[in-house]
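Letters A, B, ... are given to chains in the order of the sequence lines, protein chains preceding strands, and every chain is numbered from 1.
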Number of protein chains: 2
Amino acid sequence: MTGLRERKKQATREALMTAALRLALERGLDNVRVEDIAAEAGVSPRTYNNYFASKYEAITARHTDRVRASVEALRARPAGEPFWDALTEAMVQPWARHAGTTGQAPAPELLAGIRMLSEEPALRAESLKVAFAADGELAAAIAERVGADPARDLYPSLVAVTVTAAVQAGVAHWLRADPPVPLVPVLRDCLRALAAGLPAPTE
Amino acid sequence: MTGLRERKKQATREALMTAALRLALERGLDNVRVEDIAAEAGVSPRTYNNYFASKYEAITARHTDRVRASVEALRARPAGEPFWDALTEAMVQPWARHAGTTGQAPAPELLAGIRMLSEEPALRAESLKVAFAADGELAAAIAERVGADPARDLYPSLVAVTVTAAVQAGVAHWLRADPPVPLVPVLRDCLRALAAGLPAPTE
DNA sequence: AGAAAATTTGCTGATCACGCAAAATCCTTC
DNA sequence: GAAGGATTTTGCGTGATCAGCAAATTTTCT
């Protein structure tokens, strides 16, 4: 079923994503026009907009995929697993390959890309948008798992939204850790703290 | 010190905000151009952009003010107050006047405005942007209060970001509650749960 | 009143995003 | 393997947003 058509579509999508990211990293976000990205990917500018609705979508597409992957990962966790274990693993998983627990440093280009997402205001906004756009689905998956009604109960959406936020905080902390630290444990800490409660440290 | 200049500036800002909101509610967001808002406020289109950088900023300006107000409110809480009490009150305060604990229903126009913020994707994105743009400041205020170093400690930013998210969830829940419920208790519940931990309901 | 400072405004240019229809490409069926 | 159908790409045109710049207007200060 993987016709040439689908493969080509995936390929241009991929080409546009990497072109956008590469150019933005090289020249700075403001010196990249849609036209440039399209040219780099060997495609007409009009086609760019068939794939991505805004100039920034292509750059944040990887992040969009990560977010969606978390939702799917949660749905794929074994049924017996305790809820917070499942949720933690699901949230961590898409980040694991970037910067695992092992000492190996993440690819610098990849890190620069993530850093740009959190430093360029326009990309930060786009990232937030996709993260919280998906959180209806995340809430639904959570509701399903804990047996709640997502429309009436506050719990699923509260957990979905705060977990999403906690991951953001974890990534941000990871980005600014001076002796670099591995990301995955940071994320686990965030989620464990969230599950257990956030009392003030000194009280 | 309240020269005519400053008063006029406040007035046009206010006029632009209300004009933008009114038009968006009346016609739908997509049928409002910057030009229309400026005309409604009796000002040139170019001036609109001196006040607001995007078409959506004016509409979400009230929300922006709420977010900022929370940060200031936290800084203004009495020093002896327990941390989570202070934080809860600070987050709730800007919303309190809209829909307090008392039975009085909120002004329908006001409610429609808030609902539009969470239903129109573009406005939702803008709201998220301002909420999380301010959360560096919120984290700083939290760090100050609990005596932490916002650059090194994860706690302040984790709390800031999750609290912001929890408020979002609370407001969203309030908006879809079928027999309407007062907002403030919902927000308090969200924040109490966040502070105490979010174990799965049935485990 | 008159100079200095700040704000408003019109103009302009760069860019973006999308509708539409023609051209190009891929897939299916005979 | 060729014709016909379906999908994608592309070019063109349109409407709109946003920011820089300099002139005009308004407020403030002396």
Side-chain angles (χ1 to χ4, degrees), chain A residues 1-21 23-24 26-61 64 120-126 129-130 133, chain B residues 1-17 19-21 23-24 26-61 64 120-127 129-130 133:
Chain A
M1 279 308 128
T2 96
L4 176 54
R5 202 159 250 168
E6 316 231 353
R7 259 178 298 141
K8 265 199 167 175
K9 240 182 140 174
Q10 264 332 98
T12 49
R13 186 185 144 89
E14 201 68 30
L16 286 170
M17 283 166 47
T18 57
L21 189 56
L23 290 178
E26 278 180 15
R27 313 183 182 175
L29 184 58
D30 300 328
N31 304 322
V32 180
R33 286 162 311 174
V34 167
E35 190 185 337
D36 302 327
I37 302 174
E40 177 92 0
V43 111
S44 90
R46 184 63 184 81
T47 295
Y48 176 91
N49 278 81
N50 289 346
Y51 283 82
F52 299 105
S54 91
K55 172 180 165 182
Y56 305 112
E57 266 191 14
I59 303 179
T60 54
T64 306
E120 284 284 347
L123 297 182
R124 216 178 114 81
E126 185 71 22
K129 184 172 144 188
V130 307
Chain B
M1 278 309 131
T2 94
L4 174 55
R5 202 159 251 169
E6 315 234 352
R7 256 178 299 142
K8 262 196 169 177
K9 242 184 138 171
Q10 265 331 97
T12 47
R13 185 185 145 87
E14 200 67 30
L16 287 171
M17 283 166 47
L21 189 55
L23 290 178
E26 277 179 15
R27 312 182 182 174
L29 185 57
D30 300 326
N31 303 322
V32 180
R33 288 161 310 174
V34 168
E35 190 185 337
D36 303 327
I37 302 174
E40 177 92 0
V43 113
S44 90
R46 185 61 184 83
T47 294
Y48 176 91
N49 277 80
N50 289 345
Y51 283 83
F52 299 105
S54 90
K55 173 181 165 182
Y56 305 112
E57 267 192 14
I59 303 178
T60 54
T64 306
E120 284 284 348
L123 297 182
R124 216 177 114 83
E126 184 72 22
S127 305
K129 182 172 145 188
V130 308

Undergrad: So where does chain B start and stop touching DNA chain C, 5' to 3', when the test is distance under 4.0 Å to a non-hydrogen atom?
TA: C/dA5 to C/dC11
Undergrad: Any non-hydrogen side-chain atom of B/E126 less than 4.5 Å from a side-chain atom of B/V130?
TA: yes
Undergrad: Checking B/T64 now: which residues fulfil side-chain hydrogen bond (donor to acceptor under 3.5 Å, both in side chains) with it, not counting sequence neighbours?
TA: none
Undergrad: Can you name the residues that form a side-chain hydrogen bond (donor to acceptor under 3.5 Å, both in side chains) with A/R5, not counting sequence neighbours?
TA: none
Undergrad: Looking at residues at least two apart in the chain, or sitting in another chain, which of them share a ring pair (Phe, Tyr, Trp, His ring centres under 6.0 Å) with A/Y51?
TA: none
Undergrad: If the condition is side-chain hydrogen bond (donor to acceptor under 3.5 Å, both in side chains), which residues does B/S54 pass it with, not counting sequence neighbours?
TA: none
Undergrad: Less than 4.5 Å apart, any side-chain heavy atom of B/I59 and any of B/L123?
TA: yes
Undergrad: Only counting residues at least two apart or in another chain, list the ones meeting side-chain contact (heavy atoms from CB on, under 4.5 Å) with A/A122.
TA: A/L29, A/Y56
Undergrad: Going 5' to 3' along nucleotides 15-25 of chain D, which nucleotides have protein heavy atoms under 4.0 Å from the base (write B), which only from the sugar-phosphate (write S), and which from neither (write -)?
TA: -SSSBBB----
Undergrad: Taking 4.0 Å as the cut-off, does a side-chain nitrogen or oxygen of B/K8 come that near to OP1 or OP2 on D/dT27?
TA: yes
Undergrad: I'd like to check the side-chain hydrogen bond (donor to acceptor under 3.5 Å, both in side chains) partners of B/D36; sequence neighbours left out, ordered by chain and number.
TA: B/R27, B/R33
Undergrad: Name all residues meeting the side-chain contact (heavy atoms from CB on, under 4.5 Å) criterion together with A/A61; count only those two or more places apart in sequence or in a different chain, and write none if there are none.
TA: A/R13, A/M17, A/F52
Undergrad: What string of B, S and - do you get for nucleotides 1-7 of chain D, 5' to 3', if B is base contact, S is sugar-phosphate-only contact and - is no contact with any protein heavy atom under 4.0 Å?
TA: -----BB
Undergrad: Partners of B/K55 by side-chain contact (heavy atoms from CB on, under 4.5 Å), sequence neighbours excluded?
TA: B/V34
Undergrad: D/dT9, OP1 or OP2 - any side-chain N/O from A/T47 closer than 4.0 Å?
TA: no
